[in-house]
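Below is one structure, written out as structure tokens; comments come after it.
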Amino acid sequence: MTHKLAILPGDGIGPDIVAEAVKVLTALRDDFGLEVAWDEAAVGGTAYDETGHPLPAATLELAQSAEAVLLGAVGGPRWEALDHSVRPERALLGLRKELGLFANLRPAKAFPELVEASALRPEVVAGIDIMVVRELTGGIYFGEPSGVEELADGRRRGVNTLVYTSDEIERIGWVAFDIARKRSGRVCSVDKANVLEATELWREVITELGERDYPDVALSHMYVDNAAMQLVRAPSQFDVMVTTNMFGDILSDEASMLTGSIGLLPSASLNQEGAGMYEPIHGSAPDIAGTGQANPLATILSVAMMLRYSLNEAPLADRVEGAVARVLADGWRTPDIAGNGEAVGTAEMGDAVIAALRE
Ligand code: NAD
Ligand code: IPM
Ligand code: MN
């Protein structure tokens with residue numbers, strides 16, 4: 001049966017990096033027997049310009065009918081003044097909510113060849129292998145009330161609400177514990193239970209779940225401020241980190257720099273049925289958009305995650321990850337990971353991955 005994908009390039013560097021991922025999919029189809037077909041649709045600011053909405057109904061329908069979605073990035077200065085209801089970022093939140101993608105996996109793994117590219121000392125980052133499990137459809141991103149209101153005295157009042165129910169916490173807990181069982185058997189749950197009641201509940205629910213269903217997994221808890229510090233002090237203490245929507249957003253950007261660049265970190269966003277959306281964790285990088293210098297590896301590694309988690313094609317996922325490791329070992333570098341050395345552009349990096357795939 002042919003796997004059907006939805007491809008949503010988006011804004012800024014989105015189309016550039018997705019083009020390289022599409023090259024990889026094309027090579028897998030033509031040379032490695034992957035039965036796959038895809039349709040593209042507009043999302044984010046680009047879609048807003050075309051249709052007046054960042055997530056047009058046709059794009060959502062395409063995503064809903066696909067086995068998996070590959071997304072580039074959305075957003076940019078051009079659309080920053082828009083009302084929140086139609087900002088490009090709303091498209092992402094809409095896709096996550098409508099597809100029920102509550103579990104966001106963001107793996108930060110060191111490539112031995114890149115330990116020098118990290119802002120931290122090589123001995124601190126060598127060998128790190130962290131899986132950030134971020135809750136993606138709840139928390140302060142979706143809590144009500146939200147918005148900005150005008151008060152009678154002329155002041156304005158902005159509100160967002162951090163809210164979690166026990167079942168939302170439990171289902172992301174299951175995901176984290178299950179993943180830990182296949183890894184080193186350790187979960188660190190990150191919260192702010194000393195101050196925020198909603199995350200005090202988070203800690204309670206995760207603790208109960210661990211005691212009841214996962215006595216074989218070593219569970220620890222950490223406050224988010226300490227976790228942010230520990231991630232740069234001694235990142236190798238972490239295996240699986242499970243946390244709320246907002247904390248996971250922030251900690252995964254931080255974790256990406258342990259590997260050398262945010263341009264290296266892929267993600268999978270999964271729902272209860274295992275359907276998923278795959279995207280790099282970074283944004284549309286307006287500062288380098290249009291220069292052809294963006295690192296496409298996070299997007300290509302997102303294709304590998306798609307092969308593994310949604311398409312049940314683990315050997316091909318291994319092959320794509322192997323090709324990426326190979327090009328890094330061979331010295332291919334985009335500017336974000338080149339330091340003072342020579343760098344190639346987005347398309348050359350993509351071509352190098354294709355060549356390594358076929359080797
Ligand atoms: P960003 O991740 O776009 O960029 C942060 C920094 O990292 C920039 O200096 C950028 O050049 C660099 N960078 C990011 N990806 C890179 C890559 N592949 N290769 C090389 N360098 C890379 O974050 P930002 O600047 O805070 O946000 C820009 C826009 O993107 C905003 O509109 C924001 O809302 C949006 N955004 C979208 C997503 C998404 O679509 N998933 C994620 C984060 C931010
Ligand atoms: C991410 C992004 C998004 C988020 C924004 C663009 C909505 O930062 O995917 O990490 O905050 O989740
Ligand atoms: Mn983010």
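Every number for a ligand or one of its atoms is a count from 1 in the order of the listing.
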Of the backbone atoms (N, CA, C, O) and the side-chain heavy atoms from C-beta on, which set of [X] has a member under 4.0 Å from an atom of ligand 1: side chain, backbone, both, or neither?
| X | result |
| --- | --- |
| Glu89 | side chain |
| Ile17 | neither |
| Asp287 | side chain |
| Pro286 | side chain |
| Ile13 | side chain |

Note the single closest protein heavy atom to [atom], along with its residue, its atom name and the distance in Å.
| atom | result |
| --- | --- |
| atom 15 (N) of ligand 1 | His282 CG, 3.1 Å |
| atom 6 (C) of ligand 2 | Glu89 CG, 3.6 Å |
| atom 5 (C) of ligand 2 | Leu92 CD1, 4.2 Å |
| atom 44 (C) of ligand 1 | Gly283 CA, 3.4 Å |
| atom 3 (O) of ligand 1 | Ala285 N, 2.8 Å |
| atom 21 (N) of ligand 1 | Ile288 CD1, 3.6 Å |
| atom 35 (C) of ligand 1 | Val74 O, 3.1 Å |
| atom 11 (O) of ligand 2 | Tyr141 OH, 2.6 Å |
| atom 10 (O) of ligand 2 | Asp249 OD1, 2.9 Å |

Output yes when a protein non-hydrogen atom is found under 4.0 Å of [atom], and no otherwise.
| atom | result |
| --- | --- |
| atom 40 (O) of ligand 1 | yes |
| atom 6 (C) of ligand 1 | no |
| atom 26 (O) of ligand 1 | no |
| atom 1 (P) of ligand 1 | yes |

Test item: Thr51 side-chain N/O and Ala47 main-chain N/O as donor-acceptor pair under 3.5 Å: yes

Interfacing atoms of ligand 1 (cut-off 4.0 Å, heavy-atom, [X]):
| X | result |
| --- | --- |
| Asp336 | 20 (C) |
| Gly263 | 17 (C), 18 (N) |
| Leu92 | 39 (C), 40 (O), 41 (N) |
| Ile262 | 7 (O), 13 (N), 14 (C), 15 (N) |
| Ala73 | 40 (O) |
| Gly75 | 32 (O) |
| Glu279 | 41 (N) |

Less than 4.5 Å apart, side chain to side chain, heavy atoms only: is that true for [X] and [Y]?
| X | Y | answer |
| --- | --- | --- |
| Val148 | His84 | no |
| Arg171 | Gln272 | yes |
| Val344 | Asp351 | no |
| Leu5 | Leu70 | no |
| Leu357 | Arg319 | yes |
| Thr199 | Leu162 | yes |
| Arg181 | Tyr214 | yes |
| Thr244 | Asp191 | no |

Just do the side-chain hydrogen bond (donor to acceptor under 3.5 Å, both in side chains) check on Ser261 and His282 with the steps written out, would you? CA-CA 10 Å; Ser261 169; His282 60 71; over 6 Å; no

Verdict with supporting geometry, Met241 and Met222, side chain to side chain contact (heavy atoms under 4.5 Å, CB included): CA-CA 10 Å; Met241 298 176 92; Met222 204 178 272; 5.8 Å; no

Phe177 and side chain to side chain contact (heavy atoms under 4.5 Å, CB included): which partner among Ile172, Leu219, Asp213, Val133? Leu219

Give a yes or no on whether a salt bridge exists between [X] and [Y], defined as a side-chain N under 4.0 angstrom from a carboxylate O.
| X | Y | result |
| --- | --- | --- |
| Glu200 | Arg203 | no |
| Glu321 | Lys109 | no |
| Arg96 | Glu279 | yes |

Please list every donor-acceptor pair under 3.5 Å in which a side-chain atom of residues 118-129 meets a protein atom from a residue at least two apart or in another chain.
from	atom 1	to	atom 2	distance (Å)
Ser118	OG	Leu120	N	3.0
Ser118	OG	Met257	O	3.2
Arg121	NE	Glu123	OE2	2.8
Asp129	OD1	Arg183	NH2	3.3

Shortest reach to atom 9 (O) of ligand 2 by a heavy atom, considering only His282, Glu279, Arg96, Arg134: Arg96

Spatial distance of atom CG (Leu209) from atom CD1 (Ile169) [nearest 0.5 Å]: 10.5 Å

Contact check, Ser284 vs ligand 1, heavy-atom distance below 4.0 Å: yes

Using a plain distance cutoff, I'd like to know if [X] has any nitrogen or oxygen under 3.5 Å from a nitrogen or oxygen of ligand 1.
| X | value |
| --- | --- |
| Ile281 | no |
| Asn295 | yes |
| Gly76 | yes |
| Ala294 | no |
| Ser261 | no |

Part of Asn245 with heavy atoms under 4.0 Å of ligand 2, whether side chain, backbone, both or neither: neither

Could you tell me whether Arg87 approaches ligand 2 through its side chain, its backbone, both or neither, with non-hydrogen atoms closer than 4.0 Å? neither

For a quick test of reading the model, state the closest non-hydrogen atom pair linking Lys192 to Val224 and the distance between them. CD-CG1, 4.0 Å

Taking only non-hydrogen atoms of Ile281 and a 4.0 Å limit, the atoms of ligand 2 in range are 10 (O)

Output the list of atoms in ligand 2 that are nearer than 4.0 Å to some heavy atom of Arg106, sorted by atom number. 1 (C), 9 (O), 10 (O)

For Asn160 and Ser146, run side-chain hydrogen bond (donor to acceptor under 3.5 Å, both in side chains): C-alpha distance rounded to whole Å, both residues' side-chain angles, the deciding distance at 0.1 Å, then the answer. CA-CA 4 Å; Asn160 288 98; Ser146 72; 4.7 Å; no

Restricting to N/O/S atoms, is Asp249 within less than 2.8 Å of the Mn ion (ligand 3) or not? yes

If you count the non-hydrogen atoms of other residues, nucleotides and ligands that lie under 6.0 Å from CG in Asp225, is the total more than 12? yes

